[in-house]
Amino acid sequence: MVAHVREGRYEGIVTRFPPEPNGYPHIGHAKSVCLNFGIAQEFGGRCHLRFDDTNPETEEMEYVEAIKDAIRWLGFDWGEHLYFASDYFERMYDCAEILIGKGLAYVDSSTEEEIREARGTVTEPGRPTAFRDRSVEENLDLFRRMRAGEFPDGAHVLRGKLDLASPNMLMRDPVFYRIRHAHHYRRGDAWCIYPLYDYAHCLEDAFEGVTHSLCTLEFDNNREIYDWILDNVGFEEPRTHQYEFNRLNLEYTVVSKRKLGPLVKAGHVAGWDDPRMSTLAGLRRRGVPPEAVRLFADMVGVAKTESWVDPGKLEFAIRDVLNRTAPRVMAVLHPLKVVITNLDDGDVEELDAPYWPHDVAREGSRKVPFGRELLIEREDFAEDPPKGFRRLIPGGEVRLRYGYVIRCDEVVKGPDGRVMELRCTYDPDTRSGSAGSGSGRKGIGTIHWVSAAHALTAEVRLYDRLFDTPNPEEVPEGGDLVDNLNPESLVVVRDARIEPSVASDAAGTRYQFERTGYFWRDPVDGVGDALVFNRIVTLKDTWSGRAVSGDTSDVSKASGEVAPVSIREASRKATEAPSQTPTGGPRVSEERAGKRRADPELGARMLRYVEELGLSPEDADILTGSRGFSDFFEAALAEHGDAQTIAAWVVNDVRGVLGRGSVDDLPFGGMELGKLARLVDDGTVSRRAAKDVLAEMAAEGGDPATVIARLGLEKVADTDVLAGVVDTVLAAWPEKVAEYRGGKVSLMGLFVGEVMKATRGAADPKAVRAVLAARLGADS
RNA sequence: UGGCCCGUCGUCUAAUGGCAGGACACCGGUCUUUGGAACCGGCGGUGGUGGUUCGAAUCCACCCGGGCCAACCA
């Protein structure tokens, strides 16, 4: 795409996000949205929002609104470029008539079953149905009557007339239109024929002037039809082209409308916007800031390899954003009463507590009341502390965040032995920020707290991942997705206590509850007086992780639990399993062997290449894969004479420039290759530069000597000349030279490469290496 | 089983045939009135075997592994 922009191939970049409005968008869609809108932004182009609503049976207005909401929430704007595929039905219809007129589409009156059956399988070609050879007139007539509503559902379809024997199943006369007397959510009953994806999508892109149509990997096979339709309808270059990227897979979650829906229906979650859902509505309700989703999309990137992303990455993105934007307040989830014995009932001090830690450059603070009765987190006290415990213990001290150091003098227990209350004394000289605040108490822990008399009671919903296996969709025989649900994905704490300041905060404020995580008020259940908080994400916790791995490893071993293996690694293990046993015989392609059996002459050449010419069986195999290829080799050999050299050129380099084409399409023949090889031998051109010459010949044709002259690639092997270039290069990379002399010999490639670049590939690399070695070895 | 796509640190992702780099995770340290954040350091990778080349993650071959395709869904 960068290349397209540089070449000026398109006037401007146009992308599109093309959802079907048949469900709620999820985090996977967010990746696509960020990609499409992000590219448009980056290249100064535009991105369309287009609803791909060609299937009247599944689509609803509710979903188009949900999708628009989600995109706006993510922070993107389609401006005036809002489109609906259903608005293009008339134009699509016209295109179909063009195809019919060209004899490239026909009305098939077979049943669905018959068509499927006649399509063949991946190993057997398809065969025509009885209607494939209808006349243009008959097809046109039938198609018009299909539109007019003369036929019931399924009576006819319009199919492209492509190639029933294509190895690509999608090219075996795909269905373009089907009859559906269904009510469309936007077009009502205006149409009773509806186009299918492969037919419609490329046209939609083309109508809108899209330049880059980005879709997920599984549409790879569809690209062939995409191009076929556009070419045959008559769209000319520069037109839209399809490019594929990897869809987002997130471990421990499902990213699929099809799988998400049943969870909602069965009541395993509270709805499409349940905060545990991977829907954008769910993420949004949970409190995830949109900026974090965008950051996450950037972090995972795009590629063509199927990837499974660790949800820890999303969590990192969320924390990264919230750390900078969420004010700190204090809340106690599991309260334990602390009585400050050297304070009287009426003693209340308003302590100043900044909203931001020292490393977040923001201003602001609130008052937190401090009095005789406090509440601290139950787990911040331990009668029998583990090693390294830095919180309150009997007789020990701890600092109250923004307040004083207290000492635990007495532990009061109930009849059942449960700790009911801690009786402590505070040290008035240690108020946070005061002169004596740190005196002699380095290394002391700090805990959060609230004043019992002033704290507000709140419900806090602690969310965790919805599933407890990396790939929830992978279920054993007879199992169900539901079996993989994490039973602790939601823990509700009903009597948490929170400092009173939050009552007056703006709606939508995201907080950090110090030391416990990021939270915000649930936008549905937490409005008005109802204090209901959702945990957005925990804080990173290096302590409990350590404690857990230390304490419970034996337990998990005993219970037979196996550490979850990542999906990628599992597949790699499978790769390694079969031992690599190099077979004794030559490795030849079965396909080419077949061709040789069919053409005895090729078989004979194979034999001759190995026995007379002394080529390796592998090379001989490739060279005899077809008559054309073999002829090319022989023509080159006739010109040059050395079989090894020519074989290497043909096998490794000619095939490289060929791409998908055949040698017969090359604008030069074997003879020219032979000449080129001779020019390498006689020192006219370096082998390296000769590759560039070959590429040029493949692109423009021509005689090798002429191309060399035109490109100015005559070999430079003169030591003095090279020495000059070498010195220039070394002078430009002083620190690399030092590293090289320090032992990093892999840098030689860099130097050689730079010299080659400076001479545009004309230098003799062997000579360069020699000069370089001399220079770098000397004066060290 | 035919065709197509894809294999780079545990994970995600870079590297016109020329320095295998970044991020997350993990481990260690510094700092710290959040066991947070920040900072510093460490661990760790080109699926395999051959070939071409001065030089291969990149080009060629074979093998291994993964994915997609036989809806009148998208």
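Each chain gets a letter, A, B and so on, in the order the sequences are listed, and its residues count up from 1.
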Side chain of [X] (C-beta onward), nearest among [options]:
X: A:His358; options: B:rC60, B:rU32, B:rC5; result: B:rU32
X: A:Glu112; options: B:rU1, B:rC72, B:rC54; result: B:rC72
X: A:Arg688; options: B:rC62, B:rC69, B:rG17; result: B:rG17
X: A:Val309; options: B:rC12, B:rG2, B:rA61; result: B:rC12
X: A:Arg391; options: B:rA70, B:rG35, B:rU34; result: B:rG35
X: A:Asp359; options: B:rA70, B:rA14, B:rA37; result: B:rA37
X: A:Ser307; options: B:rC6, B:rU13, B:rC69; result: B:rU13

At under 4.0 Å between heavy atoms, what does A:Thr111 touch on the DNA or RNA strands: base, sugar-phosphate, or nothing?
base
Can you check the [X] [atom1] to [N] [atom2] distance for me, whole Å?
X: A:Glu754; N: B:rG18; atom1: CD; atom2: C1'; result: 8 Å
X: A:Ile225; N: B:rC72; atom1: CD1; atom2: P; result: 11 Å
X: A:Glu618; N: B:rC60; atom1: CD; atom2: P; result: 16 Å
X: A:Asn652; N: B:rC59; atom1: CG; atom2: P; result: 12 Å
X: A:Asp653; N: B:rA56; atom1: CG; atom2: P; result: 15 Å
X: A:Arg258; N: B:rA71; atom1: CZ; atom2: P; result: 15 Å
X: A:Leu250; N: B:rA25; atom1: CG; atom2: C1'; result: 15 Å
X: A:Asn221; N: B:rA71; atom1: CG; atom2: P; result: 13 Å

I'd like to check A:Phe316 versus A:Met299 (side-chain heavy atoms, cut-off strictly below 4.5 Å). Are they in contact?
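Heavy-atom side-chain distance check passes, below 4.5 Å.
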Is the [atom1] atom of [X] crowded by more than 12 outside heavy atoms at less than 6.0 Å?
X: A:Lys766; atom1: NZ; answer: no
X: A:Arg180; atom1: CZ; answer: yes
X: A:Glu474; atom1: CD; answer: no

Between [N] and [M], how many Å separate the two [atom1] atoms, rounded to a whole number?
N: B:rC12; M: B:rU32; atom1: C1'; answer: 31 Å
N: B:rG47; M: B:rA71; atom1: P; answer: 35 Å
N: B:rA23; M: B:rA37; atom1: P; answer: 16 Å
N: B:rC26; M: B:rG66; atom1: P; answer: 30 Å
N: B:rG28; M: B:rC64; atom1: P; answer: 43 Å
N: B:rU13; M: B:rC68; atom1: C1'; answer: 22 Å
N: B:rA25; M: B:rG67; atom1: C1'; answer: 26 Å
N: B:rA56; M: B:rC43; atom1: P; answer: 25 Å

Heavy-atom closest pair, residues [X] and [Y]:
X: A:Leu196; Y: A:Val175; answer: CD2-O, 3.5 Å
X: A:Ile115; Y: A:Ser110; answer: CG1-CB, 3.8 Å
X: A:Leu615; Y: A:Ala643; answer: CD2-O, 3.7 Å

N/O (side chain, [X]) to phosphate O (OP1/OP2, [N]) under 4.0 Å:
X: A:Thr542; N: B:rG36; answer: yes
X: A:Arg180; N: B:rC72; answer: no
X: A:Arg119; N: B:rC72; answer: yes
X: A:Asn246; N: B:rU13; answer: yes
X: A:Thr305; N: B:rU13; answer: yes
X: A:Arg319; N: B:rA37; answer: no
X: A:Thr58; N: B:rA74; answer: no
X: A:Arg655; N: B:rA61; answer: yes

Could you measure the distance from the OG1 atom of A:Thr516 to the CE atom of A:Met330? Nearest 0.5 Å is fine.
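If I round to the nearest 0.5 Å, the distance is 11.0 Å.
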Going by ring centres under 5.5 Å and near-parallel planes (under 30°), is A:Trp543 stacked on B:rG35?
yes
Can you find a donor-acceptor pair, distance only, under 3.5 Å between [X] side chain and [N] base?
X: A:Arg515; N: B:rU34; result: no
X: A:Asp220; N: B:rC68; result: no
X: A:Arg328; N: B:rU34; result: yes
X: A:Ser432; N: B:rU33; result: yes
X: A:Gln512; N: B:rU34; result: yes

For A:Phe219 and A:Lys540, find the nucleotide of RNA chain B closest to each by heavy atoms; which residue's nucleotide sits nearer the 5' end?
A:Lys540
Both A:Arg592 and A:Phe389 contact RNA chain B. Taking the nearest nucleotide for each, which residue is further toward the 5' end?
A:Phe389
Is A:Arg655 positioned over the aromatic face of A:Phe629, cation under 6.0 angstrom from the ring centre and no more than 45 degrees off axis?
yes
Structure string for RNA chain B in dot-bracket form, Watson-Crick and G-U at under 3.5 Å, | interchain:
.((((((..((((....[..)))).(((((.......)))))....(((((..]....))))))))))).....
Taking syn as a glycosidic torsion within 90° of 0 and anything else as anti, which one is B:rA37?
anti
Show the numbers, then the answer: is there a side-chain hydrogen bond (donor to acceptor under 3.5 Å, both in side chains) between A:Gln512 and A:Glu514?
CA-CA 6 Å; A:Gln512 182 192 110; A:Glu514 293 213 42; over 6 Å; no
Mutual orientation of the aromatic rings belonging to A:Tyr404 and A:Phe370 [parallel < 30°, tilted 30-60°, perpendicular > 60°]
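Aromatic pair A:Tyr404/A:Phe370 classed tilted.
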Does A:Glu124 reach the main-chain N or O of A:Thr121 with its side chain, forming a donor-acceptor pair under 3.5 Å?
no
For nucleotides 19-23 of chain B, give me every protein contact, N/O to N/O, under 3.5 Å, one pair per line with atom names.
{"unit_1": "B:rC19", "atom_1": "O2", "unit_2": "A:Lys736", "atom_2": "NZ", "d": "2.5"}
{"unit_1": "B:rC19", "atom_1": "N3", "unit_2": "A:Lys736", "atom_2": "NZ", "d": "2.6"}
{"unit_1": "B:rA20", "atom_1": "OP1", "unit_2": "A:Ser746", "atom_2": "OG", "d": "3.1"}
{"unit_1": "B:rA23", "atom_1": "N3", "unit_2": "A:Lys313", "atom_2": "NZ", "d": "3.4"}

Consider ring pair (Phe, Tyr, Trp, His ring centres under 6.0 Å). Of A:Tyr194, A:Tyr197, A:Phe151, A:Phe143, which one does A:Tyr177 pass it with?
A:Phe143
